[in-house]
> 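First the structure, which I've put down as structure tokens, then a few questions once you've had a look.
The sequence lines fix the lettering, A, B, ..., with proteins before strands; numbering per chain opens at 1. Worth knowing before you read on, the calculation uses all heavy atoms, side chains too, and leaves out hydrogens, waters and symmetry mates. Since the structure is predicted, the reported quantities are computational estimates derived from the model, not experimental observations.
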2 protein chains.
Amino acid sequence: MHPRPRETKLAIKKNGILNEVFRSGSCQRFDLARRLNINATMMGNYVEELISAGLLVEGDPAAASRGRAPLHLNPQRGCFLGIDFEALRARGILCDFAGEVLERKEVSFRNNISRENVLNRILKLAKELADRADRPLLSIGIAAPGQVDCESGRVLHYRLLSDFDQVPLRDRFEQAFETALFVEDNIRALAYAELLRGSGKGSRNFLCLAVRSGIGLGIVIDGKLYSGSNSMAGEVGYLVFNTTQGPQLATDLVSAKGFVDSTLKLINTQKMTTGRKQLLDKEEVTLADIISVAEAGDDVLLEQLKQLGKHLGMLTANLANLFAPEKIVLAGEVPNCSLVVRQQMERTFRQYTLPQILTTVYLEDGSLGGFAGALGAAWMGFTRIFPVDEETLIQQAKEKQQAKHLTTKV
Amino acid sequence: MHPRPRETKLAIKKNGILNEVFRSGSCQRFDLARRLNINATMMGNYVEELISAGLLVEGDPAAASRGRAPLHLNPQRGCFLGIDFEALRARGILCDFAGEVLERKEVSFRNNISRENVLNRILKLAKELADRADRPLLSIGIAAPGQVDCESGRVLHYRLLSDFDQVPLRDRFEQAFETALFVEDNIRALAYAELLRGSGKGSRNFLCLAVRSGIGLGIVIDGKLYSGSNSMAGEVGYLVFNTTQGPQLATDLVSAKGFVDSTLKLINTQKMTTGRKQLLDKEEVTLADIISVAEAGDDVLLEQLKQLGKHLGMLTANLANLFAPEKIVLAGEVPNCSLVVRQQMERTFRQYTLPQILTTVYLEDGSLGGFAGALGAAWMGFTRIFPVDEETLIQQAKEKQQAKHLTTKV
DNA sequence: CTTACTCGTTATGATATTATAATAAGATAC
DNA sequence: GTATCTTATTATAATATCATAACGAGTAAG
């Protein structure tokens with residue numbers, strides 16, 4: 001009837017061990033015992049069981065200065081797939097049981113790609129990578145853009161793809177795959193990757209601000225991703241500011257798309273120059289286009305870039321004052337699109353962050369690059385399969401029992 | 001040498017039981033076993049030990065429909081003192097071991113009170129309440145305004161009292177009291193009270209926004225207060241918005257003092273009316289004064305009130321979009337200072353909060369009234385004395401050992 | 001008004017975890 | 001180069017925790 005506390009507690013401990021090894025890559029029994037506050041004798045027993053279950057392996061004995069050989073996850077045990085997509089491209093990662101990258105692939109989308117095509121392209125990408133797997137594929141994580149409902153595995157709305165409302169991502173993937181599937185907000189996936197093995201490694205509280213076509217925020221509190229109700233936390237793009245032009249959304253002020261659109265609008269009210277004309281003649285103006293005209297000496301555009309930096313600085317300062325995090329990890333191309341923007345951003349950030357908070361918090365670039373979201377989605381598979389919180393585990397146990405029940409009945 | 005894991009784990013469990021009883025007021029052994037995921041047999045043993053230690057008592061047997069009499073904390077075991085102060089007043093609460101209020105007292109400060117006088121008044125308040133205690137005083141919690149450094153027990157800066165920088169609150173209290181002392185941000189204390197027995201009871205994630213002379217934010221995540229680095233999280237007053245008048249701080253837009261000041265400035269640029277003149281003649285204009293003139297038919301002031309509501313609405317909407325909390329608990333007089341303000345606030349909140357987030361989050365008034373901060377400070381004493389996290393416990397154990405060491409040496 | 005059930009509690013034997021001491025081997029001090 | 005210290009691991013005995021069954025008192029069904 002009730003789930004067995006003893007089994008659950010044991011599973012929590014074993015999963016905790018596996019997760020710790022996943023995080024640290026390699027460690028000895030004693031390290032694990034100390035870090036997880038488990039008796040060394042017990043740790044020896046647990047590890048032995050995990051080794052005979054084929055989950056852990058002992059590595060090179062020479063790597064240990066003392067005692068037995070350090071432990072690793074058995075890379076052959078299985079692999080994880082992560083897919084990350086947004087308006088312009090999709091990226092996929094296939095990693096082994098220890099999280100090491102086996103395969104990676106990126107595909108670009110043409111402009112105004114249809115909803116159906118996006119789905120087909122990411123499905124194809126996932127299949128291609130899954131086919132290359134030479135070991136059991138344990139889970140597929142999908143890092144989706146826009147407003148994501150993780151529960152139902154759908155994208156509720158994404159502004160930058162046409163007709164992208166109520167998109168049943170998980171359902172579509174379930175038709176093509178047998179594997180465990182989950183959908184996560186792409187910024188949270190990115191933040192998770194940075195937490196595990198990127199700039200956030202070792203930090204208990206930090207924020208991950210991604211500014212590219214859109215903007216998003218990943219919140220790590222107490223070493224865990226914070227999702228809020230409905231898993232909707234971090235919708236930083238919808239922050240509203242009462243500016244000279246009336247209320248404006250953060251996404252319109254600092255995202256690449258928002259900035260380009262508002263800048264083009266501004267140009268139309270100013271006198272024309274050669275550089276600006278060139279911009280207006282283009283079919284699709286990018287942030288880089290504006291920067292190159294600005295750096296060629298266009299004062300109006302340069303001022304715009306400074307404004308962009310200022311807005312980014314205010315945004316990060318506000319986040320710092322609210323969360324007092326250890327750091328704010330920056331991702332996406334916008335914060336580093338140009339020196340002008342970055343410097344102004346830093347300056348404004350320092351200006352408006354409380355001095356006391358400024359003593360600890362700082363801006364840092366993400367260290368995992370463009371595949372961070374896909375990596376995070378893949379790595380998340382590990383904790384999903386080996387969860388350490390009671391509720392998820394009890395849930396898992398119940399589902400297993402139900403499955404048993406069904407098979408015995410049939 | 002090392003702290004004993006067995007002792008620590010046992011202490012965590014026992015403290016967890018005490019905290020659970022503190023939260024729920026009264027419960028049976030079996031409830032505790034289920035809620036804390038501890039075996040019922042063990043729970044029986046633990047409870048027996050806690051009863052013989054004089055911490056728990058059995059209540060009225062008739063209150064239980066089945067089984068043994070429900071458990072309570074032994075109210076005679078001790079009491080807790082909480083002091084909350086801000087620019088205009090100080091409030092104190094003395095509560096028993098179960099958290100029930102024994103005494104309460106409020107004192108008002110005159111305008112421009114000196115730093116020294118503030119300290120003396122709150123010390124006197126604390127002494128008065130402490131003197132009325134008929135059982136051991138276990139801790140004194142001080143809920144302090146402004147930027148608080150909990151670690152050193154000092155107020156770093158508070159705008160609304162003159163010369164209130166680097167105020168060593170804990171040191172001053174330590175000279176007068178022998179009891180355990182701690183200093184906490186007053187909004188966090190308030191949020192803690194609402195979490196335990198107020199509007200936040202039962203919520204795992206919520207925000208507590210206090211808008212009075214200044215503004216502050218308490219953040220509850222995963223059922224715990226979030227403090228950030230340096231315990232500086234929640235400095236919502238320093239959020240900056242790029243408005244028509246240039247960058248402005250949230251505190252200048254929505255706090256009572258900020259609003260009154262900016263409104264007076266505005267009046268000076270407008271044509272004078274009888275009502276406005278009356279305002280300017282006053283020595284000290286309050287929010288209530290402005291409201292009464294506005295409601296007497298002053299359109300300019302009415303518009304100001306609407307602006308105030310709008311700003312409050314935007315602020316809460318931004319917080320909702322960032323945190324996706326279960327609710328935002330409102331405290332302080334400003335959100336309810338007038339119907340105009342509150343209605344406009346709700347309207348704007350609904351306008352700018354993402355629909356998906358709006359399905360769960362709502363604005364709710366705090367239910368503990370003006371003494372909430374003092375209550376929170378008093379109640380916090382309980383978890384400080386009976387902590388449930390490893391680190392604090394190990395810390396406690398070390399301190400005890402050191403004390404022993406010292407006494408044996410002497 | 002009886003019977004079967006649920007719920008809170010406790011007793012008992014089985015199992016898991018810890019404290020402690022023992023062992024082995026690298027590191028450090030002299 | 002030897003003695004001492006530190007560290008990672010294990011064996012053993014003491015202790016804590018759990019699963020299970022048993023009990024008694026309310027509750028619901030007939």
> Would you please confirm or rule out a distance under 4.0 Å between OP1 or OP2 of C:dT17 and any side-chain N or O of A:Lys13?
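Yes.
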
> Only counting residues at least two apart or in another chain, list the ones meeting side chain to side chain donor-acceptor pair (under 3.5 Å) with A:Ser229.
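Listed in chain order: nothing, the list is empty.
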
> Under the ring pair (Phe, Tyr, Trp, His ring centres under 6.0 Å) criterion, do A:Phe22 and A:Phe97 qualify, and how do the steps go?
CA-CA 8 Å; A:Phe22 189 81; A:Phe97 197 64; 7.9 Å; no

> Just to verify, what does B:Arg66 make a side chain to side chain donor-acceptor pair (under 3.5 Å) with, not counting sequence neighbours?
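Side chain to side chain donor-acceptor pair (under 3.5 Å) check on B:Arg66 returns nothing, list empty.
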
> Rounding to a whole Å, what distance do you find between B:Arg6:CZ and D:dA13:C1'?
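In whole Å, D:dA13 C1' and B:Arg6 CZ are 11 Å from each other.
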
> Could you give the CG-to-C1' distance, from B:Leu36 to D:dT17, as a whole number of Å?
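So the CG-C1' distance, B:Leu36 to D:dT17, works out to 15 Å.
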
> For residues 189-201 of chain A, which residue pairs pass the salt bridge (Lys or Arg N to Asp or Glu O under 4.0 Å) check, not counting sequence neighbours?
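Every salt bridge (Lys or Arg N to Asp or Glu O under 4.0 Å) pair that includes a residue of residues 189-201 of chain A, provided the two are not neighbours, is A:Glu100-A:Arg197.
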
> Any pair with a residue in residues 38-49 of chain A that passes salt bridge (Lys or Arg N to Asp or Glu O under 4.0 Å), sequence neighbours left out, goes on the list, sorted by first then second residue, please.
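Checked against salt bridge (Lys or Arg N to Asp or Glu O under 4.0 Å) - neighbours excluded - the pairs reaching residues 38-49 of chain A are A:Lys14-A:Glu49.
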
> Can you tell me the distance, in whole Å, between the CE atom of A:Met42 and the P atom of D:dT12?
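In whole Å, D:dT12 P lies 16 Å from A:Met42 CE.
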
> Between B:Lys9 and D:dT17, is there a side-chain N or O to OP1/OP2 distance below 4.0 Å?
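It does not, given that no N or O in the side chain of B:Lys9 lies less than 4.0 Å from OP1 or OP2 of D:dT17.
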
> Using the side chain to side chain contact (heavy atoms under 4.5 Å, CB included) criterion, which residues pair with A:Ser139? Sequence neighbours excluded.
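Result, side chain to side chain contact (heavy atoms under 4.5 Å, CB included) vs A:Ser139: A:Phe80, A:Ala180, A:Phe182, A:Ile385.
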
> Please report, rounded to the nearest Å, how far the C1' atom of D:dT17 is from the NZ atom of B:Lys14.
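In whole Å, D:dT17 C1' lies 14 Å from B:Lys14 NZ.
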
> In this structure, how many angstroms lie between the P atom of D:dA16 and the CG atom of A:Asn39, rounded?
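Going from CG in A:Asn39 over to P in D:dA16 covers 14 Å.
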
> Identify, with sequence neighbours excluded, every residue that meets ring pair (Phe, Tyr, Trp, His ring centres under 6.0 Å) alongside A:Phe371.
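If we apply the ring pair (Phe, Tyr, Trp, His ring centres under 6.0 Å) test to A:Phe371, skipping adjacent residues, there are no hits.
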
> Can you check whether B:Tyr46 has a side-chain N or O nearer than 4.0 Å to OP1 or OP2 of D:dT17?
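Looking at the OP1 and OP2 atoms of D:dT17, one of them is under 4.0 Å from a side-chain N or O of B:Tyr46.
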
> Which whole-number value in Å describes the distance from A:Ile38 CD1 to D:dA16 C1'?
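Rounded to whole Å, this separation is 16 Å.
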
> Indicate yes or no: at least one non-hydrogen side-chain atom of B:Cys208 is less than 4.5 angstrom from one of B:Leu190.
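Yes, their side chains come closer than 4.5 Å.
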
> Nearest whole angstrom, please: distance from the P of D:dT17 to the CD1 of B:Ile17.
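Whole-Å distance recorded here is 10 Å.
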
> Tell me the bend of the helix from C:dC1-D:dG30 to C:dC30-D:dG1 as the angle between end helix axes, each from five pairs, rounded to the nearest 10 degrees.
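That helix gives 30° between its end axes.
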
> Atom pairs, N/O to N/O, protein against nucleotides 8-10 of chain C, distance under 3.5 Å?
| residue | atom | partner | partner atom | Å |
| --- | --- | --- | --- | --- |
| C:dG8 | O3' | B:Gln28 | NE2 | 3.3 |
| C:dT9 | OP2 | B:Arg29 | N | 3.1 |
| C:dT9 | OP2 | B:Phe30 | N | 2.5 |
| C:dT10 | OP1 | B:Arg68 | NH1 | 2.2 |

> Not counting sequence neighbours, which residues clear side chain to side chain contact (heavy atoms under 4.5 Å, CB included) with B:Asn15? List them please.
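Applying side chain to side chain contact (heavy atoms under 4.5 Å, CB included) to B:Asn15 gives B:Leu18, B:Asn19, B:Phe386, B:Pro387, B:Val388, B:Leu393.
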
> Expressed as a whole number of angstroms, how long is the span from A:Glu7:CD to D:dT20:C1'?
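So the CD-C1' distance, A:Glu7 to D:dT20, works out to 14 Å.
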
